[in-house]
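Everything on this sheet refers to the single structure shown next.
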Amino acid sequence: MTGYFIHPTSIIDDGAMIGDGCRIWHFSHIMGDTVLGASCNIGQNVMIASGARLGNNVKVQNNVSVYSGVTCEDDVFLGPSCVFTNIKNPRSAVSRRGKYERTIVREGATIGANATVGCGIEIGKYAFICAGAVVTKSVPAYARMMGVPARQTGWMSRCGRKLVFDEKGEAVCDESGLKYVLKEGTVYEVEQ
């Protein structure tokens, strides 16, 4: 493993795979059997558990725990103090180790600060989970979710801009100029 930065206060266990260009900041712990893709930024006081997988260019802000069973694809943003779970019915006296449920955060999705993501679900690509939301079910691609429990309140572009669809079900991102189509409850990016 070469070509990355690890702050001296952080702990990297044997067996962790750290991609080139990663930066791991103060007081973080990367456990063994963890994979971090290239160019990830791991903030202060982050724990990434054995079996967790991060793609390339994943940004993990301060005070986040990424538990076993969680996979984040490329370009995912995990906001400060967001929370993942991996067991739906935890009990201290009942060992459920090895029964962790999988959670997948697809390419480009954002999990906002202090949001909670229940286990066994999928967050669609470029979905936007607003700060403080509690996500209890799978989220479609490009959906904007907010509240407790989280409910869909609109759609977001891959740049993180609100999409406003016209009567034909078409929208253009006001930042990138990319075009989107809403058809039967699903958003598609239009090839240009």
Should we count CG of Asp14 as having more than 12 external heavy atoms under 6.0 Å? no

Find out if a path of hydrophobic residues (ILVMFWY) with successive side-chain heavy-atom gaps under 4.5 Å connects Ile87 to Val83. no

Are the aromatic rings of Trp155 and Phe128 close, with centres under 6.0 Å apart? no

Between Leu54 and the options Val76, Ile42, Asp74, the side-chain contact (heavy atoms from CB on, under 4.5 Å) test singles out Ile42

Between Thr71, Asp33, Thr34, which is the residue that forms a side chain to side chain donor-acceptor pair (under 3.5 Å) with Arg53? Asp33

For the backbone of Glu107 and the side chain of Glu73, can you confirm whether one donor and one acceptor N or O come within less than 3.5 Å of each other? yes

According to a 4.5 Å side-chain heavy-atom criterion applied to Ile, Leu, Val, Met, Phe, Trp and Tyr, with indirect links allowed, do Ile121 and Tyr142 form part of one hydrophobic cluster? no

Are side-chain heavy atoms of Arg158 and Lys125 found at a separation under 4.5 Å? no

What pair of heavy atoms forms the shortest contact from Gly43 to Val46, and how long is it? O-CG2, 3.4 Å

Does Ser10 reach the main-chain N or O of Ser28 with its side chain, forming a donor-acceptor pair under 3.5 Å? yes

Mind checking whether Ile111 and Val135 have side chains closer than 4.5 Å, heavy atoms only? no

Closest contact, heavy atoms only, Ala127 versus Val139: CB-CG1, 3.8 Å

Check whether the ring centres of Tyr100 and Tyr67 lie less than 6.0 Å apart, and answer yes or no. no

Consider only side-chain N and O atoms of Asn63 and Asn45, and report whether a donor and an acceptor are under 3.5 Å apart. yes

Rounded to the nearest 0.5 angstrom, the CG-CG distance for Asn41 and Leu78 is 11.5 Å

Is the shortest heavy-atom distance from the side chain of Ser157 to the side chain of Leu163 under 4.5 Å? yes

If we ignore hydrogens and angles and just use 3.5 Å, is the side chain of Thr116 paired with the main-chain N or O of Val134 as donor and acceptor? no

Taking the side chain as C-beta and beyond, is there a heavy-atom pair between Cys119 and Lys88 under 4.5 Å? yes

If every non-hydrogen atom of Ala49 is compared with every non-hydrogen atom of Ser68, which pair is closest and at what distance? CB-N, 3.5 Å

Less than 4.5 Å apart, side chain to side chain, heavy atoms only: is that true for Val187 and Tyr126? no

So Thr153 and Arg151, do their side chains get closer than 4.5 Å, heavy atoms only? yes

What is the distance from atom CD1 of Ile6 to atom CD1 of Ile24, rounded to the nearest 0.5 Å? 4.5 Å

